[in-house]
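Okay, so here's the structure we're looking at.
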Amino acid sequence: MFDLARFQLISHWKEWLQTSSPCFWNGIFILLDLLFLVVFSAQFIFKIILKHNARKSKNLEEEPKSLVGKAIPGSIRVGKSYQTSKWCCSLILVCQILELLLFSSKGSEVQCELSVLVLSEIMKALSCIVMLVAIFSFRIKATIKIPWTIRLLCASIFLQSATSLVFKLQFILSRKLNIGAEEILNMIALVFCMSLTAMTIRGQTGISLTSSSVTEPLLNGSVEKQTETKRECPYGRASLSELVTFSWLNPLFSIGIRKPLEQHEVPDIDVKDSAEFLSHSFDKCLEEVKEKYGWTNSSVYRAMFLLIRKKAVINACFAIVSAAASYVGPSLINDFVSFLGGKRNHRLQNGYILALAFLSAKFVETVTQRQWIFGARQLGLRLRAALISHIYQKGIHLSNQSRQSHTSGEIINYMSVDIQRITDIMWYANVIWMLPIQILLAINVLHKNLGLGAFAGLAATFLIMAVNIPLTQRQKTFQSKIMEAKDDRMKSTAEVLRNMKILKLQAWDTQYLLKLENLRKIECDWLWKSLRLQATSAFIFWGAPTFISGITFGACIMMGIPLTAGRVLSALATFRMLQDPIFNLPDVLSALAQAKVSADRIASYLKEDEIKSDAVEVIPKNETELDVEIEEGMFSWNLGSESPTLQNIQLRVRRGMKVAICGSVGSGKSSLISSILGEIPKLGGRVKISGSKAYVPQSPWILTGNIRENILFGNPYDHDKYETTIKACALTKDFELFASGDLTEIGERGINMSGGQKQRIQIARAVYQDADIYLLDDPFSAVDAHTGNQLFKECLMGILKDKTIFYVTHQVEFLPTADLILVMHNGRTAQAGSFDELLGQKTGFEVLVGAHNQALQSIFNAENSSRSFQTEDGSTERNSTTGECDLENSEDTQLQSIEKQESAQDISQDVAERGRLTQDEEREKGSIGKEVYWSYLTAVRRGALIPVVITAQSLFQILQVASNYWMAWASPPTTDEPEKIGTSLLFTVYIIMSLGSAICVLVRAMLVAIVGLLTSQKLFKGMLHSLLRAPMSFFDSTPTGRILNRASTDQSVLDLEIAGRLGWCAFSVIQILGTIAVMSQVAWPVFVLFIPVTGICFRCQRYYIPTARELARLSGIQRAPILHHFAESLAGAATIRAFGQEDRFTNANLILIDNHSRPWFHNVSSMEWLSFRLNMLSNFVFAFSLILLVSLPEGFINPSIAGLAVTYGLSLNSQLASIIWNICNAENKMISVERILQYSRIPSEAPLLIEENQPRQNWPETGNIRFINLQVRYAEHLPSVLKDITCTIPGRKKVGVVGRTGSGKSTLIQALFRIVEPREGFILIDGVDICKIGLHDLRSRLSIIPQDPTLFEGTVRGNFDPLRQYSDQKIWEVLDKCQLGEVIRSNDKKIDSTVIENGENWSVGQRQLFCLGRALLKRSSILVLDEATASVDSATDGILQETIRQEFNECTVVTIAHRIHTVIDSDLILVLSDGRVLEYDTPAKLLEREDSSFSRLIKEYSIKSQRYNRHSTVQGSK
């Protein structure tokens, strides 16, 4: 008796210790339930004790504290997820109670002792009760987040239900029993458990507090305005079922199907996806990583991981479940074939159970797969927003040296291409770590069916993966080279677009077109190497399943393992499941290589040095009387240079002082201003300031937007203050003439404003800031004499009279009123003092004054000669002193008529009548036109290679299906049946067909790579040629960001993606046709079912496409403003920092990121919406075919072929989804083709060359220019800007063109160069009508020195002679003539000295000298000077004017100038007003008439100068 009892106890323990035993797991779950009950009981007791102690102590703070935890009645909002979880828990409890009641009828048919099972079910029911109580308490306590203990309890209940059901089904199958009520109840409970677990994973109870909470009065006022314009976020408030099915998108689809979506109709993104939240979170992650690990490239990786880790873990869980579910099907195929082959031995219910297992796995796979893919896209969005915001923040804080090493073109590539690649890797990351899991699952299935043969398959798999190592390393090298080449191309493209006007004026556009084409050719060479390697990888990995299956089956044959149909089909299904991750491996590794390169580039950029915040010490105003103080200051732009830019700077400026800074070109004037701003690196000394700053840079920085926005610059609008500001800055007249006044939109970089208008707008911006310290860098160079005088009198000495002002100037007449004058020389303050003191020192200052006096003397001489002429004619000579007083007293009256000549705009006045120049980006609406597809497909050899590609893919599919069909047909159904053919023949035929299919893949992959790259290159060339031949009006009205967006992001899509996307559209159709053929052969009703299902699929697609297409377009359009805003911010970073506006511009960037994220997020979500529905439809087809196969009588079909049909049916959902997804994705990507084709059809300028009308080689010879009834306008629907201009400029004469800012001077020059074409009239040069010859012939024969000096990145020599037409000796001669020889010789590289982007390592004055040098080198018969020496000092100006007189003595010189002395010695003066010729005669004749506009202009200049002369004469007499 004892021995028997002992034996039973031992066997009992053995059974319990087996992990595959249900008793073991029941015991585990009983212990878990007990543990949870103990924890909850302890928590409950602890709370009771706390409450008891609180009552005892009678704490007076109890009541207010309780209000914090509780909500006011009516303040709780209960969501759908809370209601759902409450019902799910209740139903689970009901099922548990019913199961307990059913145990009485169990009898002997149980797997464990009845007591253990009853205890397990009781504990499970108690856990459900605890869960239900907790859920009800959530509402009472207004709990928003689910506690972790409840989440773990819910997971435990789910695992217990799933484990119990698995063991019960196993028990039924092994005993061939029927499914009972208990099992059905268990299945129902499992579904509810799954739903409840999914809800608890989110961590939200579904309860929220509404605005009736106690905090409402505090928050209501501040958020009221925000909520008025706040769009709803359907994703953020979606229920569980809506999240699973993506039906939260339905309202958006209902709008999109009716009409094209607009940006304002796209819902908001969730708070956790907003740029502001993500930027702040990424900041915290970076700081955390820096503290632990320092600042390296890997620090950025760690910070990115910390940012996304929580969401990534949830995503990983979905991916694991998806991967596991995908291998359920292959593991059951052998059982299914066995069932079909021996139905007599099995119950029919077993077949239905197998079918249910297949379908359940497919359902779980569909739900989890869609969730992890959606989650990966969401992670990409979060990373992109965080990185773009930090790249932007870095950009506006970059130090000067760092800025030089990262051009704007490179940084735009970081924002567009590099971040896109990092975004993509979020999807591929899951694929990378899922691969080992999928391999393990595959080997497990193979081992179950093929035994040791599975390890041969494992070895083959690892061998294939090992081949990846050298391929990946090579691909990474290619990607680095591609990005370097792309950076160079984008850098040059940005430079060309920025300086398009000067390229056209100098006739260099053709040369720079060739430069861009050569850079593109380098990029294409690397692209071809990369694509060729990808094609080779595709061949290897498309052949991988063949290789693995061949090795596996070969090993089985050698080891004598019988290959039955079931085993072969199960293995093939496993290989097909393994095929996807292995097929994706080349793309994954390529994407990984690209992302690694991109991440390294961004990480190195984020590590760059920033402007030192401690370079300038800020002293409170109440602690010092000095506004600015510099002690022993030493500064240098180039930290590696031996000689600093500024040294021994000593400066003490009291509050309210006016400090003038003067000196020769390159002496360090602008650098001194930068030292006060903290922009130039400080090598030594101290800089202290007290008060706020306002800065006006030498080169005007104007933001795209209207004029008022530029002046307010983020400050609130104060009408009185604003009106005072614009009056002081001489802008009132301009606003009166603008159709929209100060709401007139300014084009990119102020392109539609004259230089004077841009300068006055940014002076107004500074004045409106009401700062304490004003730093003005040469503010008067771009305005005429009268306007400059008005600005000085009413602005600097008027509205700003009590402010501390530093102003750089070359105009000596503005120096006498300064409290302190600093004379700069070679980076030192050579002299410092008042005007009187400096004149008395006689140590160099008098050189500047002397040059100015000579210029004045030329005007006095001209004026006096005209007066003498008037006296000889008998006119009455007035007393000079009286006349002078009269002039002074009535100055405004005398100038009134001239002031009225000020016109609205220089470039495009009439466009402003519509209030804006820059129009919204062109956007196609509706479906992508067939002509877009046709243009792409027929771009190379008229599409002749496309049929070859489709044929190769078709042969691949045929051979692959044939090889699988061969294996299924030739293998015996069971081990008992004899073989139909020998194993050697079976294996040989399979290998031959498989190798043939792999070769077809190689041909297809190579052809797709070749066709894709050739097409991309052809479309790029078409766009590039179209852009460089576009008229200037296109560039005036098109922000550079839009063009760069196409040349960067859209071009990358063409280079690397679009060919593959279109190819897969065809390949997936071919693939599913093979699947349908196989399935229809064994179950023809499946084919009938495919017809309505396919119809439903395409109906879903038609419902999806209109919304998705517009979302993709909006996403593309909203990308450009980010790049444009960034480019503008980079250009004006110094101004932004000076005004302390970094936060405002950063917030503007965050808003732009969100504007792009909204359509992008909803676009990727809509893809998942479609994919989920298509997957469910294919699951329905698969279910129908399985039920059909189970229901057919035995012997009706071949079990082996039926198994093959199931094998193919397992991938049916992915194939059907792949077709629609590829079509939709291709259409979205085709938007890039559409956008590039848009810019390939820009209306072109006139031809560069006209063969039949080419001028003579020596044309123009004399330079005679005739304007006959010339009328010019900027668009067909606009009135003329130049009106009936008729005059003749004699050959070899000097003609000065004067007129108020915006009178049409520059428009006349543009007409001469045919930048704008005449509407009516003619321009004849030496008798040749310039409209009848080619543009290159015209522009290459004329020379111009423009108002805005432009330098290109490269060398000094390249800037003088980009066409390499002249010798070095000739260039040195020109350098000496334009006063640059000494500076260039002092540099080690001489004429190969570096010129950085925009020429920023040269002063503005030096840049103007460069432009003069170009003209001296070219030596054309006609020279146009457009404010050519506005930014140089008077002494240098005098030398240059003499150089121009000598060098161009035999040329026609047309001079536009604000400095009167530069045109006073001209042979003729042309006065323009409002686009008409007001006066045209010799200076002497015009001065004879006192009522002439030119005479008034001279008198005004004389008055101002005589005051200065009297001041200097008095000082001289002392």
Side-chain angles (χ1 to χ4, degrees), residues 388 391-392 395-396 398 402-420 482-504 508-509 511-520 522-523 601 605 699 701-704 747-751 918 921 1020 1023-1028 1030 1032 1034-1052 1119-1133 1235-1236 1239 1242 1348 1350-1354 1358-1359 1362 1394-1401:
I388 287 179
I391 288 172
Y392 180 88
I396 59 176
L398 270 183
S402 301
R403 180 73 182 83
Q404 290 183 20
S405 60
H406 295 275
T407 64
S408 56
E410 286 179 16
I411 301 173
I412 284 169
N413 260 353
Y414 298 154
M415 274 198 166
S416 53
V417 178
D418 289 303
I419 285 183
Q420 184 60 47
I482 288 169
M483 292 312 300
E484 287 174 17
K486 189 181 287 292
D487 279 346
D488 291 340
R489 175 174 66 82
M490 287 305 299
K491 184 167 60 178
S492 294
T493 303
E495 188 175 53
V496 166
L497 294 173
R498 193 168 51 246
N499 302 308
M500 184 59 73
K501 188 173 181 181
I502 195 67
L503 291 180
K504 289 182 179 293
W508 290 348
D509 44 352
Q511 180 67 21
Y512 275 82
L513 172 65
L514 292 174
K515 178 184 176 181
L516 290 177
E517 285 184 340
N518 289 334
L519 289 171
R520 172 65 182 173
I522 294 169
E523 184 184 1
R601 282 155 51 88
Y605 168 75
S699 299
W701 178 65
I702 303 295
L703 282 166
T704 303
E748 186 178 21
R749 302 187 308 277
I751 196 74
T918 306
E921 184 168 359
F1020 173 81
M1023 178 177 69
L1024 185 63
H1025 282 254
S1026 178
L1027 281 170
L1028 267 74
M1032 271 310 299
F1034 170 78
F1035 299 99
D1036 293 346
S1037 59
T1038 306
T1040 305
R1042 289 184 192 171
I1043 304 172
L1044 292 177
N1045 197 13
R1046 284 166 169 81
S1048 177
T1049 308
D1050 290 321
Q1051 189 59 45
S1052 287
R1119 193 187 303 121
I1122 299 174
L1123 303 180
H1124 174 63
H1125 179 252
F1126 184 52
E1128 277 193 334
S1129 300
L1130 279 179
R1235 285 159 57 81
I1236 283 177
Y1239 277 16
I1242 304 167
D1348 296 323
T1350 301
L1351 294 189
F1352 296 89
E1353 187 176 2
N1359 270 277
T1394 303
V1395 177
I1396 66 169
E1397 189 178 22
N1398 296 327
E1400 288 179 3
N1401 57 334

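Just so you know, these numbers come straight off a predicted model, no measurement behind them.
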message: Applying side chain to side chain contact (heavy atoms under 4.5 Å, CB included) to I502 and W508, what does each step give before you reach the verdict?
response: CA-CA 8 Å; I502 195 67; W508 290 348; 5.7 Å; no
field: Basic-acidic side-chain contact under 4.0 Å: E517, R520
entry: no
message: Can you see whether E1128 engages T704 through a side-chain donor-acceptor pair at a distance of less than 3.5 angstrom?
response: yes
Backbone N/O of [Y] and side chain of [X]: donor-acceptor pair under 3.5 Å:
X: R489; Y: I522; value: no
X: R1046; Y: R1235; value: yes
X: E495; Y: E1353; value: yes

To the closest 0.5 Å, what do you measure between [atom1] ([X]) and [atom2] ([Y])?
X: D487; Y: I482; atom1: CG; atom2: CD1; answer: 12.0 Å
X: H1124; Y: L703; atom1: NE2; atom2: CG; answer: 8.0 Å
X: R498; Y: F1352; atom1: CZ; atom2: CZ; answer: 9.0 Å
X: L497; Y: R1042; atom1: CG; atom2: CZ; answer: 13.5 Å
X: L1028; Y: T493; atom1: CG; atom2: OG1; answer: 9.0 Å
X: I391; Y: Y414; atom1: CD1; atom2: OH; answer: 8.5 Å

- request: Take R1119 and T1049 through the side chain to side chain contact (heavy atoms under 4.5 Å, CB included) test and state the conclusion after the steps.
  value: CA-CA 9 Å; R1119 193 187 303 121; T1049 308; 3.5 Å; yes
Measure across [X] and [Y] and return the closest heavy-atom pair with its distance rounded to 0.1 Å.
X: S1048; Y: M490; value: CB-CE, 3.6 Å
X: I388; Y: I419; value: CG1-CD1, 3.3 Å
X: L1130; Y: G395; value: CD2-O, 3.5 Å
X: S1026; Y: I1242; value: OG-N, 3.3 Å

query: Does the side chain of S1052 come within less than 4.5 Å of K486's, by heavy atoms?
result: yes
- prompt: Are Y605 and L398 side-chain neighbours, meaning at least one heavy-atom pair lies under 4.5 Å?
  reply: yes
field: Parallel, tilted or perpendicular: rings of Y392 and F1126 (30°, 60°)
entry: tilted
- request: Please assess F1034 against I1043 for the test side chain to side chain contact (heavy atoms under 4.5 Å, CB included), listing each intermediate value before the final yes or no.
  value: CA-CA 11 Å; F1034 170 78; I1043 304 172; 3.9 Å; yes
query: Given K504 and F1035, is the side chain to side chain contact (heavy atoms under 4.5 Å, CB included) satisfied, shown in steps?
result: CA-CA 12 Å; K504 289 182 179 293; F1035 299 99; 4.3 Å; yes
field: By side-chain hydrogen bond (donor to acceptor under 3.5 Å, both in side chains) - contacts of S492 (at least two apart)
entry: none
